[in-house]
Amino acid sequence: MKNLKKILLAFVTTTLLVSCSGKNQKGNSNESDLSNNSNKKVSSEIVSDGVIDLGTSADFPPYEFFDDNNKIVGIDAEIAQEIGKKLGVEVKIKDMDFSSIIASIESGKLDGGIAGITANEDRKKNVNFSDTYGKSVQKVIVKKDSSFKNPEDLKGKKVASQLGSTGETAAKDTYGEENVQSFSKNMDAIVALNNDKVDAVVLDDQVAEKFAAANKDLKVLDKELAKDEYAIALDKKNDKLLEEVNKAIDELKKDGTIDKIFEKYMDK
Ligand code: GLN
C-alpha cells in the first residue's frame, strides 16, 4: 500500500513537472515529429516547435466541452483543427481555467487560446487577436420559479459569473462588485444557482441557452447586458502566426466551413 502511494506520488509529481514546464522548453520532445514532412518547414516558420498549442476552458458548450470519451469537442475545437489543416500544422488544445489562458500565452506556455474569447481593448494589450469568427451577448440565467423577469429585477441580489470573463465585467458593471461572486468554472456558477447560493449567473447567451436546455429549472432572461465578438487570442510576439491564422479563417469563412461547424453544434 505504502509503495503504491509512493508510486502515485512520483507519478503525480512527474506529471506536474512535465505539464508545468513551458512550451519553450519542449522543443526537443517528439510531439513535433507528428506533423508530416512536407509541411514541416512551413510549420516551424509559424511556431518554433511545429505545434500550435492552444488553451481553452472546456466548460463552455457549444464552443468547447468534453464529450463522453473525455475529448474536447465543440465549435472552437473544430475551427482550430480546420485552421491546423489549412496551415499544415498540428494543433493541440489544452483545458485550463478561462482566467489562466491569456497569462499562459503571455508567458510563452501557449501559442494562443480559443475559448469563445471576446476580443476587447483591455486584452489587446496582452495578446494579438485574430479576425472575429462569432458574436455573442451577455445574458442572465435565473431559476424558472423565481420572480425575476428582467435583469433590473436582480439589483442588490447575489449574481455569479466566471472569473476573468466579460460576463464578470458585465455583472460587476450592472450589479456592483460587492454583489458578484466569481467562479473558476462556469459549471460551478450554474451549480451555485441550482442550489440557491446565488440568484443568477451572467454569461454568454448561446452557452446560457445550452445550460438552460440541459436543466429544466433554469431560464435565460431576454434582455442582454453587453455585446461580444469572439476571436482567437495569439502570442503577441508571433506576427507570422496571426497572419497565417487570419488567412485560414478567411478561407474557412469563404468556403462555408465555419458556417457548417456552427450549424452542426447549434442544432444539438
Ligand atoms: N466571451 C467571454 C469572455 O471572453 C467568456 C468566454 C468563456 O468563458 N469561455 O470573457
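Each ligand, and each atom within it, is numbered from 1 in the order the structure gives.
Classification of Glu106 and Lys236 as a salt-bridged pair fails, no side-chain N sitting under 4.0 Å from a carboxylate O. Using a 4.0 Å cut-off between charged side-chain N and carboxylate O, Glu82 and Lys85 make a salt bridge.
Here the CG-CG distance, from Asp228 to Asn120, works out to 8.0 Å after rounding to the nearest 0.5 Å.
With a heavy-atom cut-off of 4.0 Å, Lys185 does not touch ligand 1 at all.
Using a 4.0 Å cut-off to heavy atoms of Ser165, the atoms of ligand 1 that qualify are 10 (O). Below 4.0 Å from some heavy atom of Asp204 lie the following atoms of ligand 1, by number and element: 1 (N), 2 (C), 5 (C). Heavy-atom contacts of Tyr230 reach the following atoms of ligand 1: 1 (N) (cutoff under 4.0 Å). Listed by number with element, the atoms of ligand 1 under 4.0 angstrom from any heavy atom of Ile117 are 4 (O). Near Gln162, meaning under 4.0 Å from any of its heavy atoms, are these atoms of ligand 1: 7 (C), 8 (O).
When atom types are taken as modelled, the side chain of Thr174 and the backbone of Ala170 share a donor-acceptor pair closer than 3.5 angstrom. Ser130 contributes a side-chain N or O that, together with a main-chain N or O of Ile232, makes up a donor-acceptor pair within less than 3.5 Å. Distance alone, capped at 3.5 Å, is enough to place a donor-acceptor pair between the Asp111 side chain and the Asp53 backbone.
Between Gln138 and ligand 1, no pair of N/O atoms sits closer than 3.5 Å. Here's the thing with Ala115: one of its N/O atoms is less than 3.5 angstrom from an N/O atom of ligand 1.
Using a 30° and 60° split on the angle between ring planes, Tyr230 and Tyr133 fall in the tilted class, from 30° to 60°.
Shortest contact from atom 7 (C) of ligand 1 to any protein heavy atom: Phe60 CE1, 3.3 Å. Protein heavy atom closest to atom 2 (C) of ligand 1, with residue, atom name and distance, is Thr166 OG1, 3.2 Å.
The shortest separation from a heavy atom of Gly167 to ligand 1 is not under 4.0 Å, leaving the residue out of contact. Taking a 4.0 Å cut-off on heavy atoms, Arg123 registers as neighbouring ligand 1.
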Practice prompt. Check the pair Asp205 / Val220 against side chain to side chain contact (heavy atoms under 4.5 Å, CB included), numbers first and verdict last.
Written response: CA-CA 8 Å; Asp205 61 338; Val220 183; 5.7 Å; no

